[in-house]
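All remarks here apply to the structure that follows.
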Amino acid sequence: MSETCTPHSRTCPECDGRLDASTDETVCTECGLVVSENRIDHGPEWRSFADDAGTRRRTGAPLTRSRHDRGLSTEIGYRDGAVRLTGRKRRRVTRMRRQHNRARISSKADRNQVYAFTEIRRVVSRLSLPENVRDQACVLFESAQSEDLIRGRSLEGFAAAVVYATCRTAAVSRTLSEVVDVARATRDELTAAYDAMNRELGLPVGPVDPREYLPRFASALDLPSDVERRATELVALGHERNLVSGRNPGGFAAACLYTAAVELDHPLTQADAAAVADVTPVTLRSAYHDLTE
DNA sequence: ACGATTATTGCGTTCTT
DNA sequence: AAGAAAACAATAATCGT
């Protein structure tokens with residue numbers, strides 16, 4: 001936990017006296033001016049039980065939803081510090097450690113959750129999504145599990161599906177294919193899980209706005225920002241003329257980018273634009289045709 | 001199960017080099 | 001003239017309801 005409100009100067013701004021930062025307040029030893037107080041540390045305690053005076057170590061991982069026990073587990077350390085264990089004592093500690101770790105993830109549901117959460121973390125990071133998406137995805141997985149939706153369906157599918165679903169609710173949509181590409185699940189497993197959750201949990205997902213795709217597609221195609229800006233206008237235009245509903249939003253986004261590129265004389269083929277959206281040139285063309293009227 | 005959208009394939013046309 | 005790109009058409013597959 002980094003120190004908050006650390007004064008930049010080592011001396012008192014009033015009288016240049018020496019500062020005493022040994023307590024919660026940083027105070028000038030000459031005039032008594034309190035330079036900074038506060039110091040409410042919301043983070044986990046840094047101090048180790050073993051050596052209060054010496055080196056500081058984490059007593060555990062930061063609190064997070066993406067670990068099945070929210071990072072609140074205890075562990076038996078591997079490195080022996082002051083005491084050197086030998087012989088039977090050492091074996092005994094090893095045995096305790098093993099049993100402790102087993103007990104930590106006891107039930108089958110917990111084991112599944114551990115596995116799923118690792119997979120969620122992996123997918124989220126591969127898609128370079130923010131932390132809050134990761135945590136929400138984990139929460140969603142918990143709901144799915146408590147509703148008993150997972151039994152008989154693929155665990156990997158659920159891991160991928162909760163990420164996909166969370167992206168949609170958080171307005172940072174990824175296409176199905178983008179998720180499938182990095183997930184350890186097939187498209188069918190993902191949709192099976194997604195459909196089940198949508199049916200039983202009633203996900204708050206509306207149709208995806210094509211604008212959510214524009215920034216990523218634009219950068220994948222190396223398009224300048226003015227083309228992207230024009231494309232967002234075109235999406236708005238499409239909404240007005242009811243060209244969006246019922247269509248593949250990714251395809252429409254690609255069509256807007258292509259149209260904008262043509263308008264601004266930027267070289268871009270339909271095939272390339274369609275490829276980043278994972279649609280065929282034909283679909284792009286149909287949207288492009290509607291757009292240029 | 002139905003209607004609409006999209007994919008696939010093939011082919012003649014247009015544009016560029 | 002050759003090759004790429006865009007356009008068009010017909011059918012199959014898929015999706016949303």
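Below, each value reflects all heavy atoms present in this structure, side chains not excepted, and no hydrogens, waters or symmetry copies. Since we're looking at a predicted model, the values are computed, not measured.
A sub-4.0 Å separation between OP1 or OP2 of C/dA4 and a side-chain N or O of A/Q270 is absent. For A/T283 and B/dT6, the shortest distance from a side-chain N or O to OP1 or OP2 is not below 4.0 Å.
In the set B/dA7, C/dA7, B/dT5, B/dT5 carries the atom at the smallest distance from any side-chain atom of A/R247.
A donor and an acceptor atom, one from each side chain of A/Y115 and A/E156, are located under 3.5 Å apart.
Atom CZ in A/R187 sits about 12 Å away from atom C1' in B/dA7, given to the nearest Å. Across the protein-nucleic acid pair, A/D272 atom CG and C/dA6 atom C1' stand 13 Å apart, rounded to whole Å. C/dA6 atom P lies 16 Å from atom CG of A/L291, rounded to whole Å. As a whole-Å value, the separation of A/N198 CG from C/dT17 P is 10 Å. In this structure, the CG atom of A/L284 is 9 Å from the P atom of C/dA6, given to the nearest Å. Atom CZ in A/R285 sits about 16 Å away from atom P in B/dT13, given to the nearest Å. With rounding to whole Å, A/H289 atom NE2 is found 11 Å from C/dA6 atom C1'. Separating the CG atom of A/D195 from the C1' atom of C/dG16 is a distance of 11 Å, rounded to the nearest angstrom.
Considering A/L234, A/T232, A/V227 in turn, A/L234 is the only one that fulfils the side-chain contact (heavy atoms from CB on, under 4.5 Å) rule with A/C256.
Toward the 5′ end of DNA chain C lies the nearest nucleotide of A/T269, the other residue of the pair A/T269 and A/V282 mapping further downstream. Each of A/T191 and A/Y288 was matched to the nucleotide of DNA chain C holding its nearest heavy atom; the match closer to the 5' end belongs to A/Y288.
Put simply, the side chain of A/L149 reaches to within 4.5 Å of the side chain of A/F158, judged on heavy atoms.
Between atom CZ of residue A/R168 and atom CD of residue A/E212 there is a gap of 9.0 Å, rounded to the nearest 0.5 Å.
Residue A/E233 qualifies as enclosed at atom CD: its count of foreign heavy atoms under 6.0 Å is above 12.
Within 4.0 Å (heavy atoms only), A/L268 reaches sugar-phosphate atoms of the nucleic acid but no base atom. A/Y258 comes within 4.0 angstrom of sugar-phosphate atoms only, judged by non-hydrogen atoms across all strands, and of no base.
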